[in-house]
Amino acid sequence: MSEEQRPVEDWASDFDIFDPDYVKDPGPVWDELRSKCPIAHTERWGGAWMATRYDDLRELVRMVPELSSRSPVVVPLPPQMREEAIAEMKMYGTENPPITADPPEHKPYKQLILPFFTPTAVEGYRQFTENLAHELIDRIIDKGEGDAAEDYAQQIPPRVIAQMLGIDPGRGAEFTEWTRGVLEIGQTDPEARRKYRTIIRDFFAELITQRRAEPADDMISRLIAAEVEGKPLNDHTISGICFLLLVAGIDTTWSSIGSSLWHFAGHAEDRRRLAAEPELFPTAIEEMLRFYAPVMMARKVTAPVEIGDKALCPGDKMILNFPAGNRDPEVFDRPDEVVLDRERNRHVAFGLGIHRCAGSNLARMEMDVALRVWFERIPEFELSDPDAVTWAGGQVRGPRSVPVRFSVS
Amino acid sequence: MKIRVIEDNCQGHNRCKAIAPDLFDLDEIGNASAANDGVVPPGQEEMARLAVENCPEFAIEIIEE
């Protein structure tokens, strides 16, 4: 870890997605890379390329099967764990379909989970989310201060996805801990990644056994009853899908809600405008997604391909920096400004192509509810200690602590 | 005005449906097709243009102005 933390001198050939200044404000680095070296490279964290231009990202997501999704995490596992993972994959098939699956295996799994996440399907959880948001505000409103990330943003996604999966929303804090163990801390700590992965796998294995005995009206039971290509899913695959559904929507959506509240706490003009003009919520949410897109994904190169002036070789890793693409001046007018009423916003916060985030409608519904309820209850708020704000970075970027104060009449 | 959704490009982001709900239908996995055979009712042309320009997959096109 220490060796990896040496300062970056040349971002084009030695970028570090965990560099503390970059994690806080990556915009300047993205601008530099896009104009000077849009496909950057690093030897850090296992070695990777990183694409930062919108058009390159569009081209790369279509390079299937040359760019494989079998290992979409940005930081690879250490060799021994990678061998274990490969052995497991040979035994059971792809680990967390559809995100780790390539065509032709990918499509039936994607089609299996998408009906759970259509706009109509996620609307069914709006009331639950609204009630939850109000309860969370109730806990802080009389204090006049709170942590918009820890006390609010962080609390919403685990409970909503738990409700959808049919697991106890009351265990939301545990689900958050597990997800951070895998996705946040686990990025640079493989032992933590393994530990929490096992905890989640075991949790779902037990639940699947229970639901096989006593089906309920929930997603797990429907996955048990489902067939892919005429065959029922084995328990390992079902728990792999549940694992994905649990972890993929937690720190990602929490990051988006948290970044939005951080933005509005620090930008009084935008905050007052949105409070005064609630009809701007739809475009404002898309603009938050564009500007603070939390997620990067990776691909594994399986056949020689070229992008820009770079030749990628089998075995290389390619990081798809969708957040950087979202500030590409070739595509977006005033890309480095937050424009709450931006009407033309083709952002790629949820990725592109066949691996487009399956939970995008859910994330949007949660952001919509979380921000509307916050603004309704606490229209005036500000950062109480800007230096106390902390950010997590790497594959998923977002604030982890956002202390705010407010007075409510 | 007439629009169409390029089926192979649509990945179900649902931006069109959010922006112009009357102009698009969604199937069971959330992929879009143009409602009403793609005919845009008078007065909804600007919404149709916005749907086109907010689709991250460039999956919607205006086939008749």
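Below, chain A is the first sequence line, B the second, and so on; all start at residue 1.
The shortest heavy-atom contact between His13(B) and Ser360(A) is O-OG, 4.5 Å. Contact record, Glu57(B) with Gly353(A): OE2-N, 2.8 Å, taken as the closest heavy-atom pair. Nearest heavy-atom pair, Pro56(B) versus Val348(A), reported as atom, atom and distance to 0.1 Å: CB-CG1, 4.4 Å.
Relative to the six-membered ring of Phe350(A), Arg15(B) misses at least one condition, a distance below 6.0 Å or an angle of at most 45° to the axis.
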**OP:** Show your reasoning for whether side-chain contact (heavy atoms from CB on, under 4.5 Å) applies to Arg346(A) and Asn54(B).
**Re:** CA-CA 5 Å; Arg346(A) 246 179 185 141; Asn54(B) 278 281; 5.5 Å; no
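Around the CZ atom of Arg70(A), the shell of radius 6.0 Å holds no more than 12 heavy atoms that belong to other residues, nucleotides or ligands. A 6.0 Å sphere centred on CD of Glu7(B) holds no more than 12 heavy atoms belonging to other residues, nucleotides or ligands. More than 12 heavy atoms of other residues, nucleotides or ligands lie within 6.0 Å of CD in Glu279(A), so this atom counts as buried by the packing criterion.
Note on Leu352(A), Thr120(A), Ile113(A), Val61(A): by heavy-atom pairs under 4.5 Å with chain B, the leading option is Leu352(A). Note: Val52(B) leads Asn9(B), Asp27(B), Val52(B) in heavy-atom pairs under 4.5 Å with chain A. Of the listed residues Asn31(B), Ile19(B), Leu50(B), Leu26(B), the one with more heavy-atom pairs under 4.5 angstrom with chain A than any other is Leu50(B). Considering only heavy-atom pairs separated by less than 4.5 Å from chain A, the leading option among Gly12(B), Gly30(B), Cys10(B) is Gly12(B).
One side chain, Asn14(B) or Asn361(A), offers a donor N or O that lies under 3.5 Å from an acceptor on the other.
Neither the backbone nor the side chain of Leu112(A) comes within contact range of chain B; no heavy atoms are under 4.5 Å apart. Looking at Tyr54(A), only its side chain comes within 4.5 Å of chain B, counting heavy atoms on both sides. In this structure, the portion of Glu28(B) lying under 4.5 Å from any heavy atom of chain A is its backbone and not its side chain.
Listed for the Arg344(A) side chain is no donor-acceptor partner under 3.5 Å among the backbone atoms of Glu53(B).
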